[in-house]
Structures are given as C-alpha cells and as structure tokens.
Number of protein chains: 2
Amino acid sequence: MLKNRNGGLSMAEALSERKQQILRAVVINYVKSAEPVGSRTVSRSHRMGISSATIRNEMADLEEMGYLVQPHTSAGRIPTQLGYRYYVDNLMDLDDLSADDELAISSFLSAEKMREIEKIINNSARVLSSATNQTSLIMGPQFRKSAFHQLRILPLDEKRSLVVLITDTGFIKNKVIDTQHQLSQAELHQVVTYLNQKLYGLTIDQVTTSLINELKRDLFKRLEILEQAFILLEESLKEEKQIRVFLGGTTNILNQPEFKDVDKIRRMLNLFEQEPLLFQILEDTSSEDDIVVSIGAENKYEDIKECTLITGTYKIHDKTLGTVGVLGPTRMDYSRVISVMRRLVDYLNQSLSS
Amino acid sequence: MLKNRNGGLSMAEALSERKQQILRAVVINYVKSAEPVGSRTVSRSHRMGISSATIRNEMADLEEMGYLVQPHTSAGRIPTQLGYRYYVDNLMDLDDLSADDELAISSFLSAEKMREIEKIINNSARVLSSATNQTSLIMGPQFRKSAFHQLRILPLDEKRSLVVLITDTGFIKNKVIDTQHQLSQAELHQVVTYLNQKLYGLTIDQVTTSLINELKRDLFKRLEILEQAFILLEESLKEEKQIRVFLGGTTNILNQPEFKDVDKIRRMLNLFEQEPLLFQILEDTSSEDDIVVSIGAENKYEDIKECTLITGTYKIHDKTLGTVGVLGPTRMDYSRVISVMRRLVDYLNQSLSS
DNA sequence: TTTAGCACTCTGAGGTTTAGAGTGCTAAAG
DNA sequence: CTTTAGCACTCTAAACCTCAGAGTGCTAAA
C-alpha cells in the first residue's frame with residue numbers, strides 16, 4: 001500500500017461506484033491529453049452505458065465534493081489535488097511494465113560492470129527520467145548512515161600522511177594530513193588500533209563531536225601528533241551531511257504544457273540548481289520502507305506546490321542509504337511512475353549490494 | 001591580446017575612425033538593450049557631433065561591409081558576428097572591475113578554507129555566472145595531465161587491498177582490489193618499489209596501455225597476484241578521460257531575450273545535460289595561455305553556433321589542468337566577461353597552487 | 001432516474017487595424 | 001563633395017474584433 005504525505009492511509013470516502021468510475025476516467029484522460037475532459041469524452045471513451053447528460057450531473061456532484069474543477073464555465077473538468085489523491089489511494093491499478101521498459105531498466109545495469117557507484121546512480125537517474133518523461137532526482141548514498149569499519153594511516157613522506165576511512169558499505173574516504181613530527185611505526189600502530197577498537201560498528205552519524213573530543217583527550221595523553229587525523233573525522237560529519245543529488249531529464253519539464261510559461265521554468269530550474277534544497281526535499285518526503293506520493297500542496301516546499309513528487313528509497317545490504325524521486329506536474333502518470341520506480345529500486349538494491 | 005578562434009590575430013580592416021565609433025556605439029547599445037539600434041539613438045547617445053542622416057549613411061556602408069544587419073527593412077541595426085569580432089579585436093576596452101565585483105570574486109575563496117577542490121570549482125562556477133549573468137562552465141582538474149608520484153598498496157584483510165595512487169598535483173585516487181592470495185609484506189614492498197621507480201614522473205596520459213602491459217610482463221615472472229592492481233591504472237586512463245564539468249547559472253539563459261523560445265531553451269538545457277559534450281567543447285575551444293573568444297559560427301559545435309563561448313584556463317603549479325568558460329548569446333558584454341574571467345583565473349591559480 | 005434538446009458561455013485561433021519607430025532617398029545647405 | 005532636413009514609405013507588434021467549437025446547465029419528456 002502506498003503511503004500519502006502524512007504517513008497514514010487516506011479514508012476511502014463514500015463515492016458511488018459510478019462516481020469512482022467517472023473520476024477515474026477523468027484522471028486517466030486528463031493525464032494523457034492535458035485538456036479538460038468533457039462529459040461526452042467520458043461517456044464514449046470508457047464506454048460505460050450511460051449518457052453524457054447523466055455524467056454531467058455526476059460530474060457536477062464530484063465538483064461540489066472537491067474532486068474536480070472547471071478551468072472556466074463551459075469547459076470540461078480537470079482533477080483537483082484531492083481528486084488525484086483519491087485516484088492514487090483507491091482507483092489506480094499499477095501497470096505492468098512493458099518488455100521495452102524492463103529491458104531499458106535492466107540493460108543499463110548490465111552495461112559492463114559498473115563499479116563506480118556514481119555511475120550507477122547517474123545512469124539510474126537517466127533511465128528513470130526517460131522511462132517516466134519526468135525529471136528524476138537521485139540522492140547519492142549517504143555516507144553518514146554507514147557504519148565505521150576501519151581506519152588506516154599511511155605515511156607518505158616526512159611531512160604528510162594519508163588517512164583512509166572505510167565503512168561497512170564499502171565507502172572509502174581519504175585525506176592527506178600534515179604530520180609535524182615523524183611518526184614511528186609503533187606509535188602509529190598503537191593509535192590506529194585504539195581508534196579502530198573504539199569506533200568499530202558505529203555509524204558515521206553516531207560519531208559525534210563529543211565522542212571525538214573524548215577520544216582526543218584519551219590519546220593526547222600519549223601522543224600529540226594526530227590532531228589532523230581527527231579533521232578527517234570531523235569533516236566527514238560536516239561535509240557529508242550534504243550529499244550529491246543527481247538529476248536526470250531536467251529538460252523533460254519543458255515538454256509539459258503546465259510549464260510553457262518561461263517564468264515557471266525559471267523557478268523550476270532554479271530549484272534544480274540548489275542541491276542542498278533538493279536534498280532536503282528528498283530527505284523530508286521519503287519514507288524508509290515504501291514509495292511515497294506527495295501531491296501538490298501536500299509538499300512542504302513552496303516551489304513544488306504545483307508538482308507531485310514521488311519518492312522511494314534504495315538500500316545497500318539492507319541499510320537505507322539513498323532516495324530516488326520523480327518530480328513533475330500533478331498531472332502525471334502515477335501508475336507508470338510508481339511501477340517504474342518500484343522496479344528500478346529493486347534493481348538498485350540488487351546491484352548495489354554485490 | 002586576445003586570440004580569436006583561429007588562433008591568429010584578425011587584421012584591423014580599413015574602417016574610418018567614424019565608422020569604428022559608430023560600430024562601437026551600435027555594439028554597446030545593442031548589448032545593453034537587446035533592441036536594434038537606430039541612427040537617432042547613436043547620434044544622441046554617444047554625442048558625436050553628427051546628424052542621424054549621416055549616421056544612416058555610414059550604417060548603410062557598415063551593413064554592406066557585413067558588420068551590421070537589419071532584422072527587417074525599417075528597423076535599426078544589430079551587429080553581425082563579424083561586427084562583434086571586429087569590436088572584440090579592435091574596439092573594446094576592458095572594464096576595470098568594480099569594488100563589488102572584486103569583493104565577490106575574492107570573498108568566495110576566503111570563505112573558510114576550501115580544501116576540497118570540488119568546492120573551489122563549484123564556487124567559481126557560481127561566482128562567474130552571477131558576475132556575468134551568463135552560464136558558466138568549469139572543467140574540473142584533469143587527472144590525466146598530472147604526473148605520477150607514488151603508488152601504495154595497503155592490505156585491508158585477507159581478501160582485499162587498497163591501492164592508492166598519488167599525483168604531483170595532489171590528486172589521490174584509490175580503489176579496493178581483490179587479492180586472491182595473501183600477500184607478504186616483502187612481496188608487496190618489492191612490487192610497489194618497482195612500480196614507483198618505473199612510473200615516477202610520467203603524466204597519467206603517458207601511462208599507456210602498452211606500458212602497462214610491459215610492466216605486467218616484467219612482474220608476472222615474479223608474482224601473479226597483482227592483476228587487479230593494474231585495473232586501477234587502466235581505469236585511470238579510461239574513466240578519467242571524462243572529467244566533471246561544473247555548471248553555474250544555467251537559469252541565466254532564461255533571462256536573455258534570445259532564449260524566449262521554449263524550443264531554444266530545450267536545446268540549450270539538453271546540451272547542459274551532456275557532460276562529455278561540454279567537456280569536448282571546452283577542451284577544443286580553449287587555448288593554454290590565453291582567453292579565447294569564440295563567436296557564433298566560429299564555434300565548431302552546431303548547438304552553440306548562435307552563442308559566444310569565452311574560455312580561459314587555470315593552472316596548478318604552472319601545469320594547465322582545467323578550463324573555465326562562459327557561454328551566452330553572441331550579444332554579451334564581452335569586456336565585462338573577459339575582465340571577470342581574467343580575475344577569476346588569477347585567483348584560481350593562486351589558491352589552487354597552495 | 002435518465003436522457004434528449006436547447007440556449008448560453010467561454011476560449012482561442014485568425015484576421016484587421018493602427019501607432020510608432022526607423023529607414024532610404026532627394027534636394028538643399030555648407 | 002559632404003552633411004543635413006524633410007518626407008514618403010515600410011514593417012512590426014500590440015490592441016482589438018470576430019466567430020466557430022466545445023462544453024455546460026437546465027428543462028421537459030421518457
């Protein structure tokens with residue numbers, strides 16, 4: 001079951017079977033055509049044995065209830081956000097992916113061994129955007145949720161050493177530090193062993209500044225040399241709070257008729273340039289264990305209140321490390337996007353854990 | 001002196017002093033207003049003691065010579081690419097930067113120590129785009145032009161080792177490799193020493209596949225273990241051919257009236273999504289030792305034939321490692337962009353070499 | 001309760017009009 | 001020979017108008 005923005009399942013309100021069918025028809029047609037849907041169209045297209053006049057009446061009801069609106073008198077109806085919500089929660093059935101889609105998704109992974117995690121993510125963004133015709137956002141794996149595994153210090157020359165930090169999820173982070181004094185092998189070994197003991201298994205998030213200070217105190221009694229080694233740790237905390245967000249198909253929004261206004265385009269692209277903000281949005285919207293659909297004003301962030309954001313998460317060794325998202329106008333093919341995303345996340349989980 | 005796209009200095013053609021002034025006035029006005037410039041405007045704005053009728057005559061001449069065009073009969077003139085070229089080569093005097101600009105450029109560097117090279121580049125892209133109101137492109141430092149400095153191998157556990165490659169420009173590249181057999185310290189040391197001897201001082205570009213194979217042959221006589229260590233080297237060659245290109249101010253093109261057409265915007269944004277292509281363009285356009293101005297059709301690449309690309313290069317320890325560029329419509333404030341870029345490159349050189 | 005019929009409404013595409021900016025040319029003035 | 005004033009002409013772009021078409025709501029009959 002899909003969760004909505006508030007985390008709960010929305011109540012299935014009392015809508016007669018027929019009203020549901022009509023609402024469904026309107027949503028489906030409008031998503032396809034981007035034009036207001038008239039009663040004629042509904043009565044024909046989904047060949048429910050009912051005249052347009054009857055449908056007009058039902059539509060008027062649905063409008064009163066808040067599921068549909070008319071852009072102007074004497075135009076067809078379009079779904080409101082509430083209408084989409086109802087559709088997503090109650091009326092939508094998920095597409096099976098076409099063979100083509102399956103192929104597109106699976107082939108991008110098998111294309112030679114993609115060892116580099118950045119490449120996997122980047123390609124995923126591409127596939128996701130082209131399969132959905134929307135803009136896709138994918139958060140890179142979050143270092144800070146990984147667990148500390150090993151610390152190594154490797155002297156380079158008299159003045160510099162290389163500190164290497166390895167996590168259980170296979171991240172490697174390194175940094176050259178200045179070491180004023182020459183370090184003896186023995187001293188080094190001692191320090192490194194100590195640190196590894198203390199830190200093993202903690203997630204990077206758990207390595208707080210206070211813990212670092214504590215360790216420092218312990219060690220300084222013995223050695224005053226490693227000041228800089230800690231900088232790596234501390235910076236890991238700060239810098240890695242903000243992870244790269246990979247975008248795919250930013251130009252896709254230009255195909256959407258709701259973005260024919262240059263000013264809207266500008267605002268959107270502006271948003272895309274602000275990585276930290278995108279990160280925030282993804283982080284706040286997503287939920288660990290399911291796909292979340294956040295429609296229009298359900299989004300917290302002003303800039304995307306006319307959009308729908310659909311998010312999912314991927315895991316490495318069962319640890320949730322990143323978020324994938326699809327962003328587009330509220331008029332989007334919900335079932336397709338959700339299906340594609342579900343499949344993509346599956347693939348990602350598989351291939352990242354190996 | 002600025003070089004034009006063809007590398008040579010363009011000849012100062014015979015243009016009377018007065019024609020030069022008029023051309024100059026048209027360019028300056030048009031850059032500012034984006035509207036065709038009429039004879040009245042010229043005669044007033046630059047208060048040369050000459051009537052509009054005379055200027056009309058001169059303008060007709062300039063049009064015949066190919067420096068100006070009219071969008072339609074009975075409109076003012078706008079500069080042709082040739083006109084811009086002449087302006088850039090002969091008429092333009094470089095702005096002094098305002099105190100504000102100086103501040104903007106210098107402050108982004110001093111903002112806490114920016115150790116991470118990525119951050120420096122990223123910020124530079126930002127400053128450059130906001131100071132010029134155009135889109136900026138900055139190529140990250142090119143690993144492959146750096147010289148090999150040191151190779152280290154660091155055993156992690158029974159099965160895996162970490163290979164670390166360090167260049168003279170301070171790059172560190174690492175990779176976990178699988179080592180089927182346990183390696184003894186002595187063996188390792190032997191191999192590493194050998195490799196370091198052989199490779200020291202070569203640029204990554206010079207480490208060809210054939211050289212690697214040669215080394216392999218030498219070593220395989222002694223050890224069969226390090227197959228994977230070479231993968232790092234080989235992949236360095238391939239993968240790093242394509243370097244990240246950082247963009248700044250992509251939304252700025254939306255402010256340019258020449259991009260009010262959604263279709264042009266699409267093509268432009270599409271280009272921005274293709275990192276390898278951007279890389280190519282920057283690489284091909286730039287010249288090692290000066291700022292290059294490539295106007296309109298002077299660009300090789302179809303997509304930017306209506307644009308001007310201005311590029312410069314930055315160095316680390318006197319080695320040219322990356323390119324910065326500003327891309328916009330041919331109607332751009334050349335002198336400003338060039339001045340800003342010149343200053344930025346200076347700052348970059350300074351701060352990267354320390 | 002459903003449906004056919006009809007009067008009514010609103011949009012958006014296409015056509016027309018018109019003010020304004022700017023030109024080229026001519027003929028007079030310097 | 002060069003410069004300039006004057007004028008007829010041209011072209012654009014904004015403003016306005018028109019009208020077919022799509023779709024509605026309501027009424028009255030089935």
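Lettering of chains follows the sequences in order, A, B, ..., and the numbering in each one begins at 1.
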**Study point:** A:L327 to A:C307 - nearest heavy-atom pair and separation
**Key:** CD1-CB, 3.8 Å

Revision key, fill the gap. Atom CD of B:Q70 and atom C1' of C:dG22 are separated, to the nearest Å, by 8 Å

**Study point:** Identified pairing partner of D:dA30, criterion: Watson-Crick or G-U wobble below 3.5 Å
**Key:** C:dT1

Check your understanding: For D:dT4, does OP1 or OP2 lie under 4.0 Å from any side-chain N or O of B:S51?
Key -> yes

Check your understanding: Of B:T73 and A:G38, whose closest DNA chain D nucleotide lies nearer the 5' terminus?
Key -> B:T73

Point to revise | Donor-acceptor side-chain pairing of B:T135 and B:N252 below 3.5 angstrom | key: no

Check your understanding: Taking CG from B:L62 and C1' from C:dG24, how many angstroms apart are they, rounded to a whole number?
Key -> 16 Å

Revision key, fill the gap. Rounded to whole Å, CG of A:N57 lies from P of C:dT2 at a distance of 9 Å

Review point. Contact class for A:S39 (heavy atom, under 4.0 Å): base, sugar-phosphate, or nothing?
Key: sugar-phosphate

**Study point:** Complement of D:dG25, any strand, by Watson-Crick or G-U distances under 3.5 angstrom
**Key:** C:dC6

Exercise for review: Mind calculating the distance between NZ (A:K19) and C1' (C:dT1) to the nearest angstrom?
Suggested key: 13 Å

Exercise for review: Measure the distance from CD on B:E58 to C1' on D:dT2 and round it to the nearest whole Å.
Suggested key: 11 Å

Practice item. Mark yes or no for whether B:Q256, through its side chain, and B:G328, through its backbone, hold a donor-acceptor pair below 3.5 Å. Key: no

Check your understanding: Does OP1 or OP2 of D:dC7 have a side-chain N or O of B:R56 closer than 4.0 Å?
Key -> no

Exercise for review: Could you tell me which nucleotide pairs with C:dA13 by Watson-Crick or G-U wobble geometry, both distances under 3.5 Å, or answer none if nothing does?
Suggested key: D:dT18

Review point. C:dT2 C1' sits how many Å from A:I55 CD1, rounded?
Key: 12 Å

Check your understanding: Are A:R336 and A:D101 ion-paired here, with the side-chain N under 4.0 Å from a carboxylate O?
Key -> yes

Exercise for review: Could you verify whether a donor N or O on one side chain and an acceptor N or O on the other, from B:Q81 and B:T330, lie under 3.5 Å apart?
Suggested key: no

Review point. Atom CG of A:D61 and atom P of D:dC26: how far apart are they, to the nearest Å?
Key: 12 Å

**Study point:** Donor-acceptor pair present, A:R40 side chain and D:dG21 base, under 3.5 Å
**Key:** no

Point to revise | D:dG25 OP1/OP2 closer than 4.0 Å to side-chain N/O of A:R77 | key: yes

Exercise for review: To the nearest Å, give me how far apart CE (A:M59) and P (D:dC26) are.
Suggested key: 16 Å

Revision key, fill the gap. Assign each of B:I50 and B:H72 the nucleotide of DNA chain D bearing its closest heavy atom; nearer the 5' end lies the nucleotide of B:I50

Point to revise | Check: C:dT9 base within 3.5 Å donor-acceptor of A:S74 side chain | key: yes

Check your understanding: Between the side-chain atoms of B:T54 and the base atoms of D:dT3, is any donor-acceptor pair under 3.5 Å?
Key -> no

